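We count residues from 1, following the sequence as given. Remember, it's a predicted structure, so these values are computed and weren't measured experimentally. All ligand and atom numbering here is 1-based and tracks the order in the structure.
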Amino acid sequence: MKDKTNKFYITTPIYYVNDKPHIGHAYTTIVADVLARFWRAQIGDKNVFFLTGTDEHGAKIAEAAQVAGMEPQAFTDKVSQKFKDVWSKMDISYDYFLRTTDKDHGKIVTEILKTLKAKGILYEDDYQGLYCVGCEKFITEGELVDGKCPDHNKVPQKVVEKNWFFKLSEFLPKIKKAIQSGELYIYPESRKNEVLGLIDKQHVPDFSISRSKKSVPWGIDLPWDENQKTYVWVDALSNYITALGYPKGKDFKKFWPADAQFMALDILKFHTLYWPAILMALDLPLPRLYIHGFFTIDGKKMSKTLGNVIDPNELADKYGAEVSKYLILSQFSFGQESDIKLEDFPIKYNADLVNGLGNLVSRVTNMIELYLDGQVGIKFKSLNLGHEELKQLRFREALLTIWQVIAKDNTLIDQSKPWELAKDKNKHDQLKKILGELSLDLYNIALALEPFMPQKSKEILDIITAKKIKKPASPLFPRL
Ligand code: ME8
């Protein structure tokens, strides 16, 4: 990760609106939010651009609309709003929410396609093969398990149609070089190697940039062929630059290339091969890609049939936005494949927030109020706690660093027993020194928490920097 920068552009995938948001979408969006808040504090609000949105075209969405008995546009309006609502409930600070059904986006996608065609990168051909609507991708026999797409457990469609194709083969050697040189940055290393393996060992075919209008009527028209619609992935990937007003927009000039594009490994190939190829074809610089693991819930893949899909709305209702974010991010390290154990949430809430941070704030402020008449008399300075970790996108580790200080301070209080020092006039200096150290730590804990828990951070800062420090009237984190 960049150590110094004067602008920072962060994206999440744009999520399919075939169904309502779940905790998987929330995880990616929360890490993006934390990073956006972190960089805003370093380089100023105007220099950070955080994009998220919804992916609304294609067969998958059209089918879901049909099942819901709605017109596609009305259906996508409704589900897209659910994403906006949950992000607002989770206090997600995006700068722009892009919908692929936005007119502005569509116009730019059309321009991008025309440019690619004019450059001779597209050609027309017959496609004969299999298509998985769940993945919105052409799938090979070799990828099937028992004749079904392993991700969606469905028999793919047989497709015979004319499509326009992108000459990916021409770009693969250049993409490989860009990955090796770091010009196309892929994190973590294991995913980077996976992509290099894909290029070397598997035949990666050219990809289609259109679908026949007969089979997929819901999408952006192909400008030069009235029988075709734009393939949903080309429409979707373009969002990362259409949102900035490519090619001439001020934001585009300022923010592209992206400093952190987040996603899980399910869409690795689209982002590490198709997307760089499109960018190279447009003569644009390449982004930095950060791929996290897919997590399971209590050991099982999240699915409607298993009934274990976690709705972020429910978490926010139970714990509030900030605590929910803490509980999700502290479960596992970014990049790892992991399991979320819901039964751990209340345990962790009590241990880390009620007994850890909340208790520390109330003990320290109580003692300063009682023994020092609310005056700790020190100058606060920032120690940049957790900054290194956040610059490297080690979200969980940044939290661990903060909680180490909390644990150290709670132990310091237990061992130094300030209430005993307070009884002895000769030990007043020692008492003052310990409470000074503790309040400086609280100040830095609050600063470090700002990207994760902006409101709690402000509450603690207000308490600890007040002219007269007082124990808060109610606990920072009430017991469940
Ligand atoms: O793929 N664990 O949209 P999508 C972790 N529209 N992250 C998860 C997850 C899980 N179990 N489930 C989902 C699409 N995610 C396309 C993207 S981008 C140009 C187009 C997160 O709604 C993770 O970020 O299927 C994953 O990559 C994304 O949701 C897929 O969202």
Side-chain angles (χ1 to χ4, degrees), residues 10-33 35 51-62 64 76 79-80 82-83 86-87 92 97-101 105 109 112 132-137 149 151-152 191 207 219-220 230-243 258 260-279 287 289-304 306 308-312 328-329 331-340 342 393 395:
I10 304 171
T11 69
T12 71
I14 47 172
Y15 305 112
Y16 284 130
V17 290
N18 62 311
D19 210 345
K20 59 183 191 186
H22 60 61
I23 193 174
H25 306 123
Y27 177 75
T28 320
T29 312
I30 292 169
V31 293
D33 181 62
L35 199 67
L51 171 71
T52 189
T54 41
D55 191 355
E56 306 188 7
H57 286 131
K60 181 179 174 119
I61 308 304
T76 60
V79 185
S80 180
K82 289 191 180 167
F83 279 86
V86 75
W87 300 153
I92 299 296
F97 187 101
L98 183 135
R99 300 181 56 190
T100 54
T101 51
H105 166 79
V109 170
I112 291 173
C132 172
V133 174
C135 301
E136 286 285 15
K137 75 172 184 197
C149 158
D151 287 341
H152 293 91
R191 298 292 164 212
F207 63 92
I220 300 175
T230 305
Y231 174 40
V232 62
W233 268 100
V234 173
D235 172 358
L237 288 165
S238 305
N239 97 89
Y240 301 130
I241 56 175
T242 68
Q261 297 211 262
F262 287 108
M263 74 210 71
L265 52 104
D266 54 336
I267 49 180
L268 184 73
K269 188 163 138 189
F270 295 100
H271 283 82
T272 56
L273 298 179
Y274 297 2
W275 180 224
I278 294 172
L279 289 169
L289 306 174
Y290 291 86
I291 293 108
H292 63 77
F294 231 57
F295 49 75
T296 49
I297 306 293
D298 297 319
K300 295 194 189 74
K301 193 178 162 179
M302 241 191 300
S303 85
K304 262 193 182 169
L306 287 176
N308 64 349
V309 179
I310 299 176
D311 181 344
I328 295 174
L329 292 190
Q331 287 254 326
F332 53 84
S333 299
F334 183 91
Q336 278 177 4
E337 265 166 90
S338 295
D339 190 42
I340 288 197
L342 266 191
L393 283 82
F395 300 96

Enumerated ligand 1 atoms positioned under 4.0 Å from heavy atoms of Thr28 | 21 (C), 23 (C), 24 (O)
Give the contacting part of His292 toward ligand 1: side chain, backbone, both or neither, where contact means a heavy-atom distance below 4.0 Å.
-> side chain
Is there a donor-acceptor pair under 3.5 Å between the side chain of Tyr231 and the backbone N or O of Glu136?
-> yes
Which word best sums up how the rings of Trp233 and Phe270 line up, parallel for under 30°, tilted for 30 to 60°, or perpendicular for over 60°?
-> parallel
Is the shortest distance from a heavy atom of Phe294 to ligand 1 less than 4.0 Å?
-> yes
Heavy-atom proximity to atom 26 (C) of ligand 1 ranks first, among Val234, Ile310, Asp266, for Asp266
Under 3.5 Å donor-acceptor, Lys60 side chain and Gly134 backbone = yes
Honestly, for Tyr240 the part within reach of ligand 1 (heavy atoms, under 4.0 Å) is side chain
Contacting atoms of ligand 1, where contact means under 4.0 angstrom from a heavy atom of Ala264 = 7 (N), 23 (C), 24 (O), 26 (C), 27 (O)
Angle class for the Phe332/Tyr27 ring planes (parallel below 30°, perpendicular above 60°, tilted otherwise)?
-> tilted
Any heavy atom of Phe270 under 4.0 Å from ligand 1? The part involved is neither
Nearest protein heavy atom with distance in Å, relative to atom 8 (C) of ligand 1 = Gly24 CA, 3.5 Å
The atoms of ligand 1 lying under 4.0 Å from a heavy atom of His25, numbered in the order shown, are 22 (O), 29 (O), 31 (O)
Lys301 near ligand 1, heavy-atom distance under 4.0 Å?
-> no
Tell me, which protein residue and heavy-atom name are nearest atom 31 (O) of ligand 1, and how many Å apart are they?
-> Tyr15 CD2, 3.6 Å
